[in-house]
Undergrad: 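Below you will find the structure I want to go over with you.
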Amino acid sequence: MNIKIHRGLLEKIPQEEILLIYSSWDGYYKIPEQVNHNPKYEEFREMFHNVVDIHTSGHADRQTIERVIKCVNPKEVICIHKEADAHL
């Protein structure tokens with residue numbers, strides 16, 4: 001994850017207009033051993049003022065992602081985790 005790129009983009013958008021919806025196990029940022037193992041994870045989360053954690057299993061398929069984007073109608077979408085050859 002290139003945090004410099006994200007910081008540059010975040011500086012251009014008012015924080016009240018940004019919502020990070022993050023799907024992961026909360027142990028990654030609550031259990032000290034996990035935080036010490038991957039400090040970039042905590043650094044990334046701290047870049048956002050508004051964070052909603054939703055722990056889900058698996059990954060959404062393309063159609064589901066497209067439905068969410070159409071429903072939420074965001075100004076921009078940043079795909080952080082995807083297959084190397086995938087296109088949105």
Side-chain angles (χ1 to χ4, degrees):
M1 161 182 344
N2 188 334
I3 292 181
K4 287 182 182 179
I5 291 173
H6 295 294
R7 285 189 197 277
L9 180 61
L10 290 176
E11 290 171 358
K12 296 177 184 178
I13 304 169
Q15 277 291 325
E16 61 271 7
E17 293 184 18
I18 299 172
L19 172 63
L20 173 65
I21 302 172
Y22 211 89
S23 171
S24 72
W25 173 56
D26 64 1
Y28 290 129
Y29 59 91
K30 288 184 177 179
I31 299 175
E33 294 82 17
Q34 291 291 333
V35 174
N36 290 336
H37 179 69
N38 189 0
K40 294 274 186 197
Y41 181 83
E42 183 177 22
E43 183 181 345
F44 175 74
R45 287 178 54 85
E46 289 176 353
M47 291 170 46
F48 298 88
H49 294 237
N50 302 307
V51 180
V52 173
D53 292 299
I54 303 171
H55 186 201
T56 60
S57 61
H59 295 263
D61 59 26
R62 180 187 177 99
Q63 292 77 22
T64 302
I65 294 169
E66 288 174 347
R67 285 195 340 245
V68 169
I69 291 170
K70 287 176 183 174
C71 178
V72 175
N73 194 25
K75 292 179 183 176
E76 186 160 352
V77 175
I78 301 170
C79 297
I80 296 173
H81 179 88
K82 64 180 183 67
E83 297 296 326
D85 61 346
H87 298 284
L88 185 63

Undergrad: Should the pair Tyr41 and Tyr29 be assigned to parallel (<30°), tilted (30 to 60°) or perpendicular (>60°) ring geometry?
TA: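 Ring orientation, 0 to 90° scale: parallel.
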
Undergrad: Going from CG on Leu10 to CD1 on Ile18, what distance comes out if it is rounded to the nearest 0.5 angstrom?
TA: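 Rounded to the nearest 0.5 Å, the CG-CD1 separation comes out at 4.5 Å.
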
Undergrad: Suppose we screen for side chain to side chain donor-acceptor pair (under 3.5 Å). Which residues come up paired with Asn38, at least two apart in sequence or across chains?
TA: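 For Asn38, no residue satisfies side chain to side chain donor-acceptor pair (under 3.5 Å) once neighbours in sequence are set aside.
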
Undergrad: Let's go through Arg45 and Asp53 carefully: what are the C-alpha distance in whole Å and the side-chain angles of both, what is the deciding distance for side chain to side chain contact (heavy atoms under 4.5 Å, CB included) to 0.1 Å, and is it a yes or a no?
TA: CA-CA 10 Å; Arg45 287 178 54 85; Asp53 292 299; 2.7 Å; yes

Undergrad: Give me each pair satisfying salt bridge (charged side-chain N to carboxylate O under 4.0 Å, His left out) with a member in residues 70-80, each pair once, sequence neighbours excluded.
TA: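 Salt bridge (charged side-chain N to carboxylate O under 4.0 Å, His left out) check on residues 70-80 returns Glu17-Lys75.
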
Undergrad: Same hydrophobic cluster for Leu19 and Ile54, using side-chain heavy-atom links shorter than 4.5 Å among ILVMFWY?
TA: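 The answer is yes; both residues are in one hydrophobic cluster.
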
Undergrad: Measuring from Thr64:OG1 to Ile69:CD1, what's the distance to the nearest 0.5 Å?
TA: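 That separation rounds to 11.0 Å.
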
Undergrad: Could you give the distance from NE2 (His49) to CG (Leu20), rounded to the nearest 0.5 Å?
TA: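 Here the interatomic distance stands at 12.0 Å.
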
Undergrad: Output the distance between atom NZ (Lys40) and atom CD (Glu42), rounded to the nearest 0.5 Å.
TA: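 The NZ atom of Lys40 sits 12.5 Å away from the CD atom of Glu42.
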
Undergrad: If you compare all heavy atoms of Phe48 against all heavy atoms of Phe44, which two are closest, and at what distance to 0.1 Å?
TA: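 In this case the closest contact between Phe48 and Phe44 is CD1-O, 3.4 Å.
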
Undergrad: If you count every heavy atom of other residues, nucleotides or ligands that lies below 6.0 Å from Tyr28 atom OH, does the total exceed 12?
TA: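 No, the 6.0 Å shell around OH holds no more than 12 heavy atoms from other groups.
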
